[in-house]
Number of protein chains: 2
Amino acid sequence: MEFAKNQQNSWYENKEQVLVAVDCIIFGFDNETLKLLVFKREIQPLKGSWSLIGSFIRQNENANQAGLRILKDITGLENIFMEELKTYSAVDRDPGARCISIGQYALIRIDENNKELVNKHGAFWFSLDELPELVLDHNQMVKDALDRLREKARFSPVGFELLPKYFTLPQIQTLYEQIFQKRLDSRNFRKKLLSLNFLKKTEIKDKSSSKKGAYLYEFDYEKETDQSFIFKG
Amino acid sequence: MEFAKNQQNSWYENKEQVLVAVDCIIFGFDNETLKLLVFKREIQPLKGSWSLIGSFIRQNENANQAGLRILKDITGLENIFMEELKTYSAVDRDPGARCISIGQYALIRIDENNKELVNKHGAFWFSLDELPELVLDHNQMVKDALDRLREKARFSPVGFELLPKYFTLPQIQTLYEQIFQKRLDSRNFRKKLLSLNFLKKTEIKDKSSSKKGAYLYEFDYEKETDQSFIFKG
DNA sequence: TCAAAAGTGTTCCGACTACACCCATGT
DNA sequence: ACATGGGTGTAGTCGGAACACTTTTGA
């Protein structure tokens with residue numbers, strides 16, 4: 001860099017600044033339905049309404065770090081799958097101030113560990129078809145995130161972040177049926193999934209949802225490839 | 001809205017604001033190669049280096065409007081295909097100040113009309129393989145935009161925005177060869193393209209690049225569908 | 001023994017791939 | 001007449017889609 005360090009922050013001095021928020025669209029799966037984590041907004045305006053979880057971005061973090069910070073605060077989890085969705089920058093989107101929001105969506109496992117922490121923050125898991133009205137443009141964000149998730153699931157093996165370490169094939173199928181909102185043929189689904197060779201079978205059966213029991217599998221990250229993975233949406 | 005209008009801008013008063021820029025990754029096609037519009041940066045720091053075209057976002061416009069404003073200033077064009085790429089928010093990405101940039105990519109036709117205006121602004125079209133070093137993280141933006149363009153071109157008939165109203169099949173093929181950086185089989189390409197039924201053939205031949213001449217087609221927006229359009233990338 | 005979920009194989013068809021020659025025309 | 005680019009058809013292969021019965025086991 002060819003310019004003096006003490007020039008910092010002076011070049012752009014007369015430019016207008018705006019607030020930048022990060023809002024998190026957090027998906028979870030409880031082995032039955034795809035859910036979304038929303039909470040009671042804690043700040044004015046619109047305090048007390050249902051809202052996505054968000055925060056203003058801080059000077060010392062980038063957008064992804066901000067999202068992960070929020071997620072850790074609420075769920076206690078680190079190493080979460082989180083990706084940028086898009087920005088929301090309509091001039092009047094937030095009546096509190098001119099504020100641009102960067103939507104980030106995350107996929108996490110719903111399990112006992114984090115339920116407690118989540119409740120403590122006034123957060124709740126809602127089924128996607130029972131989602132309440134959210135503040136500002138947050139319903140749009142959810143819609144966009146779902147579209148993105150579907151699109152992504154068609155072409156890459158996404159969604160394993162929503163499952164526990166060991167899972168059964170019927171479990172993944174239910175997950176994909178939730179994502180695509182349609183029934184899938186189990187023979188074709190299993191054939192396709194297993195042909196991709198990134199699942200490791202164990203000899204353990206999970207009998208929690210049937211008498212016969214279903215074999216547990218785990219994701220083999222070594223073998224994950226980018227081969228296309230096309231399911232009809 | 002349940003709160004008093006005069007509360008505006010007071011709710012978030014103690015929050016830190018940041019600068020938000022929009023940077024435009026502008027692709028063009030001259031019937032031979034895919035090009036990118038870059039220009040000499042006009043402001044400090046790094047004044048005079050090659051840079052994408054950008055601007056700080058204004059209070060009365062959203063990110064897309066900001067991008068279109070920039071594009072109109074430089075090229076004189078309106079109604080341009082422009083889409084958000086992603087945001088760039090690394091803390092130190094801009095030595096001038098903490099500044100988050102929203103990358104937007106655009107596809108435009110290179111023709112005589114706008115060449116003049118472009119030159120007047122110190123802007124130049126570079127072939128993608130002769131691209132100079134750009135300031136900040138702009139080379140990364142270009143790389144990301146190219147990846148996005150390829151991804152998009154695989155699944156939807158994007159790229160027609162880069163062609164004139166009337167174009168020949170060899171012309172589109174060259175465009176796709178540029179996007180994918182590989183040769184395509186003309187028989188398969190034409191078969192696939194025509195089977196999608198969104199091209200209207202005219203009886204006029206363009207003889208500018210061969211003696212025999214190639215029929216001109218136009219895009220039939222009525223018939224554009226979302227049917228998949230898969231080319232190997 | 002029965003109910004409930006897990007697991008498995010085959011056929012059909014559409015779509016992508018590879019591949020080579022004739023056509024029209026200006027020079 | 002010839003060089004240059006435009007235009008066309010076919011056979012093979014792969015993968016997705018449709019489809020129904022057997023297996024296991026707890027109650």
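Scope of the values below: all heavy atoms of this structure, side chains included, with no hydrogens, waters or symmetry mates. Just so it is clear, the structure is predicted and the values come from calculations on it, not from any experiment. We name chains A, B, ... by the order of the sequence lines, and we start the count at 1 in each one.
Leu169(A) places its CG atom 6 Å from the P atom of dG7(C), with the value rounded to the nearest Å. The distance between atom CD of Gln173(B) and atom P of dT8(D), rounded to the nearest whole Å, is 13 Å. The distance between atom CG of Leu216(A) and atom P of dA6(C), rounded to the nearest whole Å, is 12 Å. Protein atom NZ of Lys192(B) is 7 Å distant from nucleotide atom C1' of dA15(C), rounded to whole Å. Atom CG in Leu184(B) sits about 13 Å away from atom C1' in dC16(C), given to the nearest Å. For the pair Lys207(B) NZ and dA24(C) C1', the computed distance is 8 Å after rounding to whole Å. Remark: C1' of dA15(C) and CZ of Phe189(B) are 16 Å apart, rounded to the nearest angstrom. In this structure, CG of Leu193(B) is placed 15 Å from P of dA15(C), rounded to the nearest angstrom.
Using a 4.0 Å heavy-atom cutoff across all strands shown, Thr168(B) reaches no nucleic acid atom at all.
Separating the CG atom in Asp73(A) from the CG atom in Leu68(A) is a distance of 11.0 Å, to the nearest 0.5 Å.
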Item to check | Pair Lys152(B)-Tyr105(B), side chain to side chain contact (heavy atoms under 4.5 Å, CB included): steps then yes or no | outcome: CA-CA 12 Å; Lys152(B) 221 180 147 64; Tyr105(B) 69 104; 3.2 Å; yes
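For dT8(D), one of the phosphate oxygens OP1 or OP2 lies less than 4.0 angstrom from a side-chain nitrogen or oxygen of Arg190(B).
Donor-acceptor pairing under 3.5 Å, judged by distance alone, is present between the side chain of Lys191(B) and the base of dT10(D). With hydrogens and angles ignored, a donor-acceptor pair closer than 3.5 Å exists between the side chain of Lys212(A) and the base of dT23(D).
A distance below 6.0 Å separates the ring centres of Phe198(A) and Phe160(A).
Side-chain proximity of Ser186(A) to dT8(C), dC16(C), dG6(D): nearest is dT8(C). Looking at the side chain of Asn188(A), the nearest of the listed nucleotides dG6(D), dG9(C), dT17(C) is dG9(C). Here dA3(D) is the nucleotide among dA6(C), dC19(D), dA3(D) with the atom lying nearest to any side-chain atom of Lys211(B).
Looking at which nucleotide of DNA chain C each of Asp185(A) and Ala214(A) is closest to, the 5′-most match is held by Ala214(A). Sequence order on DNA chain D of the closest nucleotides to Ser210(B) and Gly213(A) puts Ser210(B) first from the 5' end.
Surrounding CG of Asp129(A) are more than 12 heavy atoms belonging to other residues, nucleotides or ligands, all under 6.0 Å away.
A salt bridge does not link Lys182(A) to Glu177(A): none of the charged side-chain nitrogens sits closer than 4.0 Å to a carboxylate oxygen.
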